[in-house]
Amino acid sequence: MSEEPTAEPSAGGTTDRSDPTPASTPPSSPDAPKGAPEGESRGGGPEQDGPVSESDALRSLTQGSAVDDAERSEAQRAGAIADLIAQRLNADASGTRIGTLALFNDTVSFGGGFNAGGERHARSAHRGGGSVLPLGAAELVDHTELFVQPEGYDSALTALCERRLLVLTGPSGSGREATAVNLLAEALALGGADGGGVCHRLLDPAVVLAPDWEPPVEDSGYLIAVEDGRAGARDFESLPRRLPAVVAALREHGCHLVLTGGQDLAVTVRADGSESVAVHALAPVDPLAVLERRVLGHGGSPEARAALRATLASGGVADTLREMPAARHAARLAADLSAGRDVVAAAAALRDPSDQVRTWFDRHRNPEAVAFALAAAVLEDSGYLTVAEAAVRLRAALAIPEPAPPDVRFRDRLGDEQQWIRLDGDSSGPPRVRFRNPLLGQVVLIYAWTGLDGWREALLSWLRRLLDHADLEVRARAAVAAGILAWADHHYAVHRFLTTWAAADSWQLRQAAATALGVAGSREDSAEAVWELLHGWARGGSSARQRRLAGTAANTAGGLLGREAPARAVAVLHDALDRDDDWGTLPSVAWGGVHLVHQGRAAELLDAYLDWSEPQDLSPMVVKSLSAFLFATGRPYEPMVDGPVEGASGVPLLLSVLPEHEERMAELWARSLARRPLQDTALLALREWIDVHAERGGRPALEALNRLLWDVSRRPGSHRERLLWWLDKWAKDRERPSRNAALLRAALARTT
């Protein structure tokens, strides 16, 4: 680039700006501010349909606003969240690890003396007591012989013996039926029943509530399994009032009765008068203890137990049971192990997220359960209250309108309807909602999106509202969820919502589209389609809408996709920047470049800026490229947890990594300082590095700056004279004298 003479105070073609606009303030852009309605633009007036002028674009890069600070922060935070989630979603499921599971009491249970002779009563009816079905011998042995007692078993047995009737509640698959059978067997044995300790299923649960009910068979135990769900438990709302008569009938005939059910039964029997109802909540049993008991029996040696545990840990079986701790899963895997089948393959099949999700949706179709599952899938790892609030809003969209706020208590149902979800937390903070298998969330979303056709519109509207949430993390996670939906059908997602968001007036909607596309493109099978879409948007026309699409393409290229494919990312930035006389995409491309630097791709971006500014004239592409470079030099870095690069907080990353890219940056600085209109901006940015950021970066930053200035000064032209003049001026500035400028000038003056 040809230089303008700069030997005297006017040498740089600049006026004396001893108090330049701080480069740490990010530039404004024509995007709508956070919270602004769609259609409202920033910048004092409606966006033009034609190309934005050069002066307007350059002004937007040098005039900062608080709104742009929010944009930068949101983009970096959303990108970090998307990066972390995308890496997890694309990880091998067998590599996931779940936290330790508390071990419970595994004392030996009652396992003998249980007479199965009651089979002679099969499906008979007696004394109007309803149809009964004796438990078969094989079923009794399966329940009792290798039973592992849950915590609190003894207190439950005491209550059953004293009151004759026990309500045993626990989630499906928790072993509540096996526990009930063992309790009945022990209660009958302790009571010295003459009828041989026969256990029956009562096939018509509600029959016990009839005024004249009597046990069909004397000296027996009765098991009533109440169907999970509010409908099944509703029949027993009158149980507290009927309890005296039921207990009297049981005592008269030497019988005991256990009702088993889930959370709805537990709530139902807590109604008025429930003080006399013996209710026991089943404590979870360690599934590894169940499997161990069924494989080794009661007398396994310590060595055999250790060998079994090692086998289970190495094959992923232990992880499967930690994610799916229902006793029935332990029993199933124990059977496979005892039969010599491939238990590792069986555990992998059991753990498969697709099968789990399909099975769950087959069982749970009510809006309350589905709403919480979807809210957890979108906002996983968020606080319980955040997830619950989002679930309530989605439920309202899925359910029939109600005149008053619904009595919804998601937490009470987590261990029942939502066994795949856990609450993690301690006294240091609110509990966090997490799936036991970290891959389940994505499968829940995709299943609901592709399978619940009547709810798709409500789901999308709810997701769109989350993008306006006050919590940035909620907005970012909602955008990530949109990217997961795009996996299911890229074409549909692009035309249904992604393009609309990408072209919106609201910058936060455009950021959501960029995040979603970054997640969608992180999978090999959809990456090519996403890149083609970005190139198409970047090469679009110069209308306001097409310009916004190009800006979103640039923002996307600077994120997760750019880290994985930097060459394609800079190609998209080039397409978005090289648009003849249209300067309107410059701010978005400049931001995209900053994000690409923060993704650890400074070398590729700097090489691109060198290539694009190679003519060193005042052609639009040269000015745009160098303007974008100078913009990046002024953006303070905010280190992110698990980020791809490290740098000093508050210091532009290009200064922190200067030693690694000194030759590239020296040439770009030299080109930027050579002539107007970039010279003014470059001088302001350089002084900001010297006075502000070198102080924050400490002595290493100042030493790197010294080498940079020497490197610039030895290039052909007037660079040395210009630098000496400006360093001297800044050092002697009356209002703001620069100590660092004086040191750097003295060092530069000593060089030849």
Side-chain angles (χ1 to χ4, degrees), residues 101-102 104-107 109-111 114 133 135-136 139-161 163-188 199-203 205 208 221-233 235-236 239 256-270 277-287 289-291 293-294 321 324-332 334 359-360 363-364 412-420:
L101 184 69
F104 296 91
N105 185 354
D106 64 345
T107 55
S109 71
F110 175 87
F114 199 87
L133 179 66
L135 270 66
E139 188 175 11
L140 290 171
V141 170
D142 184 60
H143 280 327
T144 60
E145 188 174 29
L146 298 172
F147 176 65
V148 176
Q149 288 185 358
E151 187 177 17
Y153 179 87
D154 290 339
S155 62
L157 178 60
T158 299
L160 178 60
C161 290
R163 303 197 185 186
R164 297 283 175 158
L165 186 150
L166 176 70
V167 177
L168 183 67
T169 62
S172 174
S174 61
R176 63 194 184 198
E177 180 175 303
T179 302
V181 171
N182 278 270
L183 287 170
L184 289 170
E186 294 209 52
L188 291 170
C199 184
H200 299 81
R201 294 183 192 276
L202 200 57
L203 302 182
V208 299
Y222 290 92
L223 172 64
I224 297 179
V226 179
E227 182 182 352
D228 287 330
R230 187 75 185 95
D235 290 338
F236 288 87
L239 179 63
H256 296 77
L257 172 65
V258 176
L259 277 76
T260 66
Q263 176 64 20
D264 286 308
L265 178 61
V267 172
T268 297
V269 297
R270 288 202 296 260
V277 179
V279 181
H280 181 80
L282 191 62
V285 178
D286 178 14
V290 173
L291 185 148
R293 176 69 56 75
R294 285 178 171 262
L321 292 178
M324 308 174 68
R328 66 173 182 271
H329 299 317
R332 171 180 165 184
T359 301
W360 187 89
R363 292 182 55 209
H364 301 283
D412 290 346
R413 312 182 69 85
L414 283 180
D416 197 351
E417 290 180 338
Q418 310 281 357
Q419 295 180 41
W420 53 11

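Predicted model only: the values in this text are computed from it and were never measured.
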Hey, does Leu257 have a side-chain heavy atom less than 4.5 Å from the side chain of Val208?
-> yes

Audit row: Asp264, Arg413, side chain to side chain contact (heavy atoms under 4.5 Å, CB included) steps and yes/no | CA-CA 9 Å; Asp264 286 308; Arg413 312 182 69 85; 2.9 Å; yes

Closest heavy-atom contact between Leu160 and Ala187?
-> CD2-CB, 3.8 Å

Looking at OG1 of Thr260 and CD of Glu227, how far apart are the two atoms once the value is rounded to the nearest 0.5 Å?
-> 12.0 Å

Please report the closest heavy-atom contact between Gln149 and Asp154, naming both atoms and the distance.
-> OE1-OD1, 4.1 Å

Do the ring planes of His200 and Tyr222 sit parallel (below 30°), tilted (30 to 60°) or perpendicular (above 60°)?
-> parallel

Please walk me through it: do Tyr153 and His280 pass side chain to side chain contact (heavy atoms under 4.5 Å, CB included)?
-> CA-CA 9 Å; Tyr153 179 87; His280 181 80; over 6 Å; no

Distance-only donor-acceptor hits, side chain of residues 164-174, under 3.5 Å, sequence neighbours excluded:
unit_1, atom_1, unit_2, atom_2, d
Arg164, NH1, Cys255, O, 3.2
Ser174, OG, Pro171, O, 2.6

Point-to-point distance, once rounded to the nearest 0.5 Å, from CD of Glu186 to CZ of Phe147 = 8.5 Å

Under the 3.5 angstrom rule, does the side chain of Arg201 hit a backbone N or O of Leu135 as a donor-acceptor pair?
-> no

For Arg332, check side-chain hydrogen bond (donor to acceptor under 3.5 Å, both in side chains) against everything at least two apart and list the hits.
-> none

Nearest-0.5 Å distance that lies between atom NE2 in His256 and atom CG in Leu188 | 6.0 Å

Hey, could you give me the CG/OG1 distance between Leu282 and Thr179, rounded to the nearest 0.5 Å?
-> 4.5 Å

